[in-house]
2 protein chains.
Amino acid sequence: MPRYSIGIDFGTESGRVLLLDLDSGEQSAPVVVPYRSGVIDRALPDTGEQLPADWALQDPGDWTRVIVEGVPHALRNASVDPAAVLGLGVDFTSCTVLPVGDDGRPLCEHDAWRARRHAWPKLWKHHAAQPVADRLNSVALERGEPFLERYGGRISSEWYFPKLIEIWLEDRALYDAIDGFYEATDWIVSWLTGVQLRQACTAGYKAFWSPDEGFPSDAYFEAAFPGFSNPTEKLGTEFVALGTAAGPLRPELARRLGLPESVVVAVGNVDSFVSVAGAGVSEPGTFVMVIGTSICDMAVHEQEVRLPGITGVLRDGILPGVYGYEAGQAAVGDMLGWFVSTLAGDVGHAELEAAASEIGPGETGLLAFDWWNGNRTILADADLSGVLLGLTIQSSAAEIYRALLESIAFGNRRIMDNFEEHGMALERIVACGGIAEKSPLTMQLIADISRREVSVPVAAEIPARGAALFGAVAAGAFPDIHTAIRATHQPGARTYRPDSEAVQVYDRIYTIYRDLYDVLGRSNAEWLHGLKQIRAGAKER
Amino acid sequence: MPRYSIGIDFGTESGRVLLLDLDSGEQSAPVVVPYRSGVIDRALPDTGEQLPADWALQDPGDWTRVIVEGVPHALRNASVDPAAVLGLGVDFTSCTVLPVGDDGRPLCEHDAWRARRHAWPKLWKHHAAQPVADRLNSVALERGEPFLERYGGRISSEWYFPKLIEIWLEDRALYDAIDGFYEATDWIVSWLTGVQLRQACTAGYKAFWSPDEGFPSDAYFEAAFPGFSNPTEKLGTEFVALGTAAGPLRPELARRLGLPESVVVAVGNVDSFVSVAGAGVSEPGTFVMVIGTSICDMAVHEQEVRLPGITGVLRDGILPGVYGYEAGQAAVGDMLGWFVSTLAGDVGHAELEAAASEIGPGETGLLAFDWWNGNRTILADADLSGVLLGLTIQSSAAEIYRALLESIAFGNRRIMDNFEEHGMALERIVACGGIAEKSPLTMQLIADISRREVSVPVAAEIPARGAALFGAVAAGAFPDIHTAIRATHQPGARTYRPDSEAVQVYDRIYTIYRDLYDVLGRSNAEWLHGLKQIRAGAKER
């Protein structure tokens, strides 16, 4: 009897559904269901009210449509007997959060609240809460809040409390009507099962919680926002481990989807973290990079190490039983896209990559810092900016493009050095995401510059695959996620090995890179900060 | 009775002839005579022999054609009575040099030598003698040669001795056949007059001579190139002052040109230095910038000041009776041209300047160092390279273009600060050259960033105008060049005044610029040097 698990990945513009064969490890081609409303960043549905700058919302109806349309479609496409489906797992963008009423429905689906913009789910890239984040950061620094260290010294406006406090500040009536303020990944699981649970991963990485240290004190929140005195009233304080079964499908939903009522749904996952499992990684010593618009790096380790500049560290945050570490680079695909649209005329990525591949290591004479969106790890400094050195009147567009690809790899080496220098050995890299699949040159540069082998798994749809694995564990198909990962591992990864001549050249350049990194990013960070401050002042006039 | 002087400017691609009215100060539109052979950098005329990399030659026949065709044409166009012409002056690119036989003719016009590439005039931008210059520099440094200080610590491969020693090394038979190795500006005057004289300006700025200190010792040359023991045998040791009369036109040439035999020809000038007179400047305190492919800066001063990083200083070198200082920036028009051809798609300078003009001071958040061809003054370091800081995914092509224009103005301020910090007050700027005429934004930025008024003279063809003024002095129309400049001064210069708000913003940015200048250009110059070295090594493999 074959055994399957369903994985559903909720992205920024669409959802993707696949079926994972739990014995062969093979997965079906995904069914992609685009969101009708996409990213709501201009006008509110129905009322047409214009949204302020930096707003980004979504419609929960788009998410449920992914399930209702996508699951039956995926079963038909793959000719899978629904009776063979044991489990279901989801992953979501994060921190994407929504206010929910006491009936479990999103407030934006209540007639009374639908016309209020704060009633809608705030997408991860909703950045309008930056002033709230600035205040939370400065008060935490003033008070020497120890929780800040788990987040590398700086919290993001994208996270849970900035988005929640934004409502508390701007629409108190709506805030009072909220029964729970949920991560979308938790809410969609409650919609699937009728069971309201929250998992520990987002509580830890996005909502300041730690299994060992709990939450920051109420006094901290009160100091930052006097009157915001009950910070966890919309969040709760109970969080379950990843891989836990939330419950079976709601019977009426199971019928609608054509699935047995016995299908077990796992608690929600997050698209980046679930990629560790999806990429087939379960052991310490492997650095997992999800390379797309930006880079999310993850690694697991038996001990907790306090790393300067890390995005977050959390016990059980990625895989149960180990500490999960998150790091990252803030501008990757969007920096390359910027170059193509701003400076490359009509030449596209493929043509630039082909031309850049003809250039040898060190031949450009160029060196770049990929700080176009600031530096996430290890400087955690959004006020840094991109730098390009070594320009001559012989510099070509392809050489500059190559220098930008190299800047991604140098940034990565600096992050990996930081892990190693603090006692976490990292022996190899597993890379996934759009750029890992589409840019062999970037992968070779990461290998040459990090001096480590880079594998790109043969499977696509890594997040959905990881979600399906957690669904399988929840359904009892495997005793734990580690076993599930090993049992479904697929050979055939594309492997990029460091070239010894390239390593020598890049080691010399990296010596220069590291010196400049310290000067521009640390000892004299006031130079790049100054340019941003002057720019902000000039724009105001 | 009207009085006229003829000015002839020998450029890189063409010659230009104009008539200057010595009473009104007005000048005729120029007659432009393109060189038929242009820059000879691919194949030798007649033989078709391929030239090595970095070679750049010219054909003396192209120069004489400028005179024979251009002078009668200019007289006709301006309806000037030839009898009213008193003087004639020329200026030339420099260091453009040629070997001449004992009959006064260029060796390339002798059948015996015409097929040998070293027989041809070497244009200023002939760079094949770089290894000779490297050797001359290193031996001068080793020996602590004091002459090096007059050239800011480094001599150029474009200068007289590198080009002469290149012949001595590579074609000894031809070297031995040379009667004199002449600056083109001196040779063309000998062709006009039949009198062989050399002026002091190029002897000083290009051939290591000083009126006070003479030449470097023979022992220095012998140490650098054993056997090259008589350095001045092809150059001579007698040099006459600028504005000296070389003599009247050769009678047969005067008839051919339709000019009276009484027309007096001045000794030769150089296009950059003669621009000081051409721009109407005769007093200390004014900084003259000739802004084209690169920038040549000039100033005169009563005393000799030893300035670090200056290109050259010479008594009587620009105007008689004062010390002439030369400085410069190595990449201006060609850096902007590089941007347009490499990174701006189909958008041209005019459109970019219009867009860049809409941006306010400081609004780009960008800062650039114009070291695309290294830094000429004050670091005298060809191994530096261009740097661009402050990039974000919002940076536009127009913003980057503006940052490049600003980099020209910041580089200029750094040079002017260097003069002032060493005791030479500079109160105002007079700018000429293509970019001064075509880019009002660059002129405004130079005003705002230097905090000085910038004037762009109403007259075009500044070098030819200056040459005509020296011709007038040689002919006795004025007692000296200072009087000639004042008597022909024309009002109506376009003036750019510093904007006080812009000054404040740019002062803040300049603080950052200056710190970075010292770190990237001095204390940690090994970073940019390292990138060039790694590049050179990579290209060799």
Side-chain angles (χ1 to χ4, degrees), chain A residues 331 334-335 337-339 341-347 359-369 371-374 385-397 399-400 501 505-506 508-509 511-513 515-516 519-520 524 526-528 530-539 541, chain B residues 331 334-335 337-339 341-347 359-369 371-374 385-397 399-400 501 505-506 508-509 511-513 515-516 519-520 524 526-528 530-539 541:
Chain A
D334 55 359
M335 174 179 70
W338 167 86
F339 182 76
S341 63
T342 308
L343 295 178
D346 288 330
V347 182
I359 301 165
E363 276 184 25
T364 67
L366 299 169
L367 177 60
F369 286 78
W371 298 345
W372 264 248
N373 291 331
S385 49
V387 178
L388 187 52
L389 304 104
L391 291 157
T392 74
I393 56 173
Q394 282 85 41
S395 302
S396 68
E399 286 180 339
I400 296 173
E501 278 192 36
V505 174
Y506 284 124
R508 289 179 65 194
I509 301 173
T511 308
I512 299 171
Y513 177 90
D515 282 353
L516 267 160
V519 169
L520 296 174
N524 293 89
E526 72 273 13
W527 293 336
L528 294 178
L531 293 176
K532 280 231 170 157
Q533 284 159 9
I534 292 166
R535 176 170 182 260
K539 294 254 182 202
R541 264 200 301 277
Chain B
D334 54 359
M335 173 178 71
W338 167 86
F339 182 77
S341 63
T342 308
L343 295 176
D346 288 330
V347 182
I359 300 165
E363 276 183 25
T364 66
L366 298 169
L367 178 60
F369 286 78
W371 298 348
W372 264 247
N373 292 331
S385 49
V387 178
L388 187 52
L389 304 103
L391 292 156
T392 73
I393 55 174
Q394 282 85 41
S395 301
S396 68
E399 286 180 340
I400 296 173
E501 277 191 37
V505 174
Y506 283 125
R508 289 180 65 195
I509 301 174
T511 308
I512 299 171
Y513 178 90
D515 282 352
L516 267 161
V519 168
L520 296 174
N524 293 88
E526 73 273 13
W527 293 335
L528 295 178
L531 293 177
K532 281 232 169 157
Q533 283 159 9
I534 292 166
R535 177 171 182 259
K539 294 255 183 204
R541 263 199 303 276

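This is a predicted model, so every value here is computed, not measured. So that the names make sense, note that chain A is the first sequence line, chain B the second, and so on, each numbered from 1.
- The shortest heavy-atom contact between B/Leu366 and A/Leu531 is O-CD2, 4.4 Å.
- Between chain A and the options B/Gly374, B/Gly365, B/Ala536, the largest number of non-hydrogen pairs under 4.5 Å is found for B/Gly365.
- For chain B, the option among A/Leu389, A/Thr364, A/Ile393 with the highest count of heavy-atom pairs below 4.5 Å is A/Ile393.
- Counting heavy-atom pairs closer than 4.5 Å to chain A, the top residue among B/Ile359, B/Leu388, B/Leu528 is B/Leu388.
- Heavy atoms of A/Leu516 lying under 4.5 Å from chain B belong to its backbone as well as its side chain.
- Only the side chain of A/Leu520 comes within contact range of chain B, judged by heavy atoms closer than 4.5 Å.
- Nearest heavy atoms, A/Lys539 versus B/Glu363: CE-O, 3.6 Å.
- Using a distance-only test at 3.5 Å, with no hydrogens or angles considered, no donor-acceptor pair links the side chain of A/Trp372 to the main chain of B/Ser395.
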Task: Stepwise side chain to side chain contact (heavy atoms under 4.5 Å, CB included) test for A/Lys532 and B/Thr392 - done: CA-CA 10 Å; A/Lys532 280 231 170 157; B/Thr392 73; 4.1 Å; yes
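- The CD atom of A/Gln394 sits 10.0 Å away from the OG1 atom of B/Thr342 when rounded to the nearest 0.5 Å.
- The side-chain heavy atoms of B/Val519 and A/Asn524, taken from C-beta on, include no pair separated by under 4.5 Å.
- The salt bridge (charged side-chain N to carboxylate O under 4.0 Å, His left out) test applied to A/Glu526 returns no partner, not counting sequence neighbours.
- Among A/Val505, A/Leu367, A/Thr511, A/Asp515, the residue making the largest number of heavy-atom pairs under 4.5 Å with chain B is A/Asp515.
- Residues A/Leu343 and B/Phe339 have side chains in contact (heavy-atom distance under 4.5 Å, counting atoms from C-beta outward).
- If you measure heavy-atom distances from B/Asn373 to chain A, the contacts under 4.5 Å come from the side chain alone.
- The minimum heavy-atom distance linking B/Gly362 with A/Ala538 is given by the pair C-CB, 3.9 Å.
- For B/Trp527, there are no ring-ring contact (aromatic ring centres under 6.0 Å, His included) partners at least two apart in sequence or on another chain.
- Ranked by non-hydrogen atom pairs under 4.5 Å with chain B, the options A/Ala397, A/Gly390, A/Gly345 are led by A/Gly390.
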